[in-house]
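Chain identifiers are assigned alphabetically (A, B, ...) following the order of the sequence lines, protein sequences preceding nucleic acid strands; residue numbering begins at 1 within each chain.
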There are 2 protein chains.
Amino acid sequence: MAKTQTRNRGDTEKKIVQAAINLLAEEGFAALGVNKIAAAAGVDKQLIYRYFGGTEGLIEHIAQDLTLWFGSQPVPQKYPDYAEMTGALLEQYTQTLRRDKMLRHLLLWELSDNSDALKTLEKSRSLMFGQWFMQMKGDLEPPADVDAPAINALLLAAMHYLAIRADTLGCFAGIPLETPADWQRVQNAAQSLIQSVYKKERS
Amino acid sequence: MAKTQTRNRGDTEKKIVQAAINLLAEEGFAALGVNKIAAAAGVDKQLIYRYFGGTEGLIEHIAQDLTLWFGSQPVPQKYPDYAEMTGALLEQYTQTLRRDKMLRHLLLWELSDNSDALKTLEKSRSLMFGQWFMQMKGDLEPPADVDAPAINALLLAAMHYLAIRADTLGCFAGIPLETPADWQRVQNAAQSLIQSVYKKERS
DNA sequence: AATTTATGTCACTATGTGGTGACTTGTCAA
DNA sequence: TTGACAAGTCACCACATAGTGACATAAATT
């Protein structure tokens, strides 16, 4: 059989990182302490300090793993105009948001904590999102009389908030956020906003 | 001089509640522990257990104070149509959101915690907001072909997210959220969405 | 004035957290 | 085979948290 070592730094490092990611995905950032991570990894917490320099170092280390995690977005297509492209992007992104509990935990974490580790993590994630957007955008341009970046930010922000909120309250402003039908309604509302603001008049 | 008692349950109860509210306003819900509240109120924590039954009971007790706190919204006016009214409402609410750090802390708390106390707090706040909305709405009606409640929820959700996010990251999706000019841009984008979706065609 | 009630104070337990020094032991090279 | 270094283990510290029992004293009641 293969040479199985009882002591292997690389393996335990992976175990620690994986335990932290799982913990974040399942219980949220509040559970991300040295003790819990060590317990979840089946490892002494001393090793977290030795190999990563504590929780902060560990977070910085898993940042790249996380950004890669979210980098696996669907393939870009060609869209007829800016409105269609924005609509498709928002729809896709919202579905990802609804499926990936870890992403929601991460976004909530960004809202709650302002440590340096989180800032770098947000920065790289934001960068990767920007690249994805540019890829989908292609050479499409929004109408000159609307502030497309601000409008995109508004709609993304709304989806972020509603997705996080669905985990705890399950509704917002009288709009339920539980069933797929509930979310279809939200999606439709967002699409109507996009359509009307970008195609309000085709002179 | 007035009869000043050194021992007065009513006074210390008020001190405790006020300390909790101040703590929430300044440091957020993470600081809302029995120890910190007692220290801030200059009172032994034992009294918190005796009078309120611990932190949870205290939270339920201050819920009404908080809802009253946010109930002091500006006077409603008359607006020509639904779009104008919605726009004014969103603008007013966003300004409140930007000014009141405690409100932001409360909203973040609602996203992070799903205890029963928070649910009741959210419910009463939501109810009060609904009344305020109805008061501003009057007999105005949105166009029949748009899902106005969902659109309102989207825009409010966006503002919630951006307001909370401004406290930590200071920007979102490439849109800065620091200066009044930054926020004016966001407001303009929201207004353009409202205008276009409600007035897309006046056939 | 005496007594009872309730208000306030203190000390303490139990638990969890981040963090560190000292120790044993496996692994690999000389 | 032997020695050295790294990997892993354990015991501890200091601190903060929630929660409780026992006690002193001010205030109200008799």
Side-chain angles (χ1 to χ4, degrees), chain A residues 1-24 26-62 105 109 112-118, chain B residues 1-24 26-62 105 109 112-118:
Chain A
M1 62 165 102
K3 172 180 170 188
T4 303
Q5 304 210 36
T6 58
R7 296 189 171 190
N8 186 323
R9 171 164 180 167
D11 285 3
T12 60
E13 279 184 352
K14 284 177 191 167
K15 275 198 290 185
I16 292 172
V17 169
Q18 195 55 47
I21 290 180
N22 289 340
L23 220 47
L24 175 61
E26 290 157 18
E27 307 200 30
F29 65 94
L32 274 194
V34 187
N35 294 308
K36 287 188 181 174
I37 294 174
V43 148
D44 197 281
K45 63 178 173 181
Q46 172 76 25
L47 302 181
I48 297 180
Y49 289 103
R50 248 196 230 136
Y51 298 156
F52 301 97
T55 312
E56 296 208 359
L58 177 57
I59 291 170
E60 289 184 7
H61 188 271
I62 68 176
H105 283 160
W109 194 8
S112 309
D113 190 7
N114 55 352
S115 65
D116 291 344
L118 257 292
Chain B
M1 60 168 109
K3 172 180 170 187
T4 303
Q5 304 211 33
T6 58
R7 296 187 171 191
N8 185 323
R9 171 164 180 166
D11 284 4
T12 61
E13 280 185 351
K14 284 177 190 168
K15 275 198 289 184
I16 292 172
V17 168
Q18 195 54 47
I21 291 180
N22 289 340
L23 219 49
L24 175 61
E26 290 157 17
E27 309 199 30
F29 65 94
L32 273 194
V34 186
N35 293 309
K36 285 188 182 175
I37 294 174
V43 150
D44 196 284
K45 63 178 172 181
Q46 172 77 20
L47 302 182
I48 297 180
Y49 289 102
R50 267 223 275 276
Y51 298 156
F52 300 97
T55 312
E56 296 208 359
L58 177 57
I59 290 170
E60 289 183 7
H61 189 272
I62 68 176
H105 284 161
W109 194 8
S112 308
D113 189 7
N114 54 351
S115 65
D116 291 344
L118 258 291

Requested in this report: If a protein heavy atom is under 4.0 Å from the base, mark B; if only from the sugar-phosphate, S; if neither, -; do that for nucleotides 3-9 of chain C going 5' to 3'.
Outcome: ----BBB
Minimum heavy-atom distance [X]-[Y], with the two atoms named:
X       : Y        : result
A/Ala19 : A/Ile37  : CB-O, 3.9 Å
B/Ala41 : B/Ile16  : CB-CA, 4.0 Å
A/Leu24 : A/His105 : O-ND1, 2.8 Å
A/Leu58 : A/Ile48  : CD2-CG2, 4.4 Å

In this structure, how many angstroms lie between the [atom2] atom of [N] and the [atom1] atom of [X], rounded?
X       : N      : atom1 : atom2 : answer
B/Phe29 : D/dT17 : CZ    : C1'   : 16 Å
B/Leu58 : D/dA18 : CG    : P     : 12 Å
A/Ile48 : D/dT9  : CD1   : P     : 12 Å

Report task. Step by step, work out the side chain to side chain contact (heavy atoms under 4.5 Å, CB included) result for A/Phe29 and A/Leu118. Result -> CA-CA 11 Å; A/Phe29 65 94; A/Leu118 257 292; over 6 Å; no
Report task. Just do the side chain to side chain contact (heavy atoms under 4.5 Å, CB included) check on B/Trp109 and B/Ile59 with the steps written out, would you? Result -> CA-CA 12 Å; B/Trp109 194 8; B/Ile59 290 170; 3.7 Å; yes
Report task. Could you note down all residue pairs passing salt bridge (Lys or Arg N to Asp or Glu O under 4.0 Å) where residues 26-51 of chain B supplies at least one of them, sequence neighbours left out? Result ->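 Qualifying pairs: none.
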Requested in this report: Using a cut-off of strictly less than 4.0 Å between a heavy atom of the residue and any atom of DNA chain C, enumerate the qualifying residues of residues 30-38 of chain A by number.
Outcome: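 A/Gly33, A/Val34, A/Asn35, A/Lys36 - these, ordered by number, are the residues of the stretch whose heavy atoms sit under 4.0 Å from the strand.
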Query - Audit row: B/Phe52, B/Glu13, side chain to side chain contact (heavy atoms under 4.5 Å, CB included) steps and yes/no - result: CA-CA 9 Å; B/Phe52 300 97; B/Glu13 280 185 351; 4.0 Å; yes
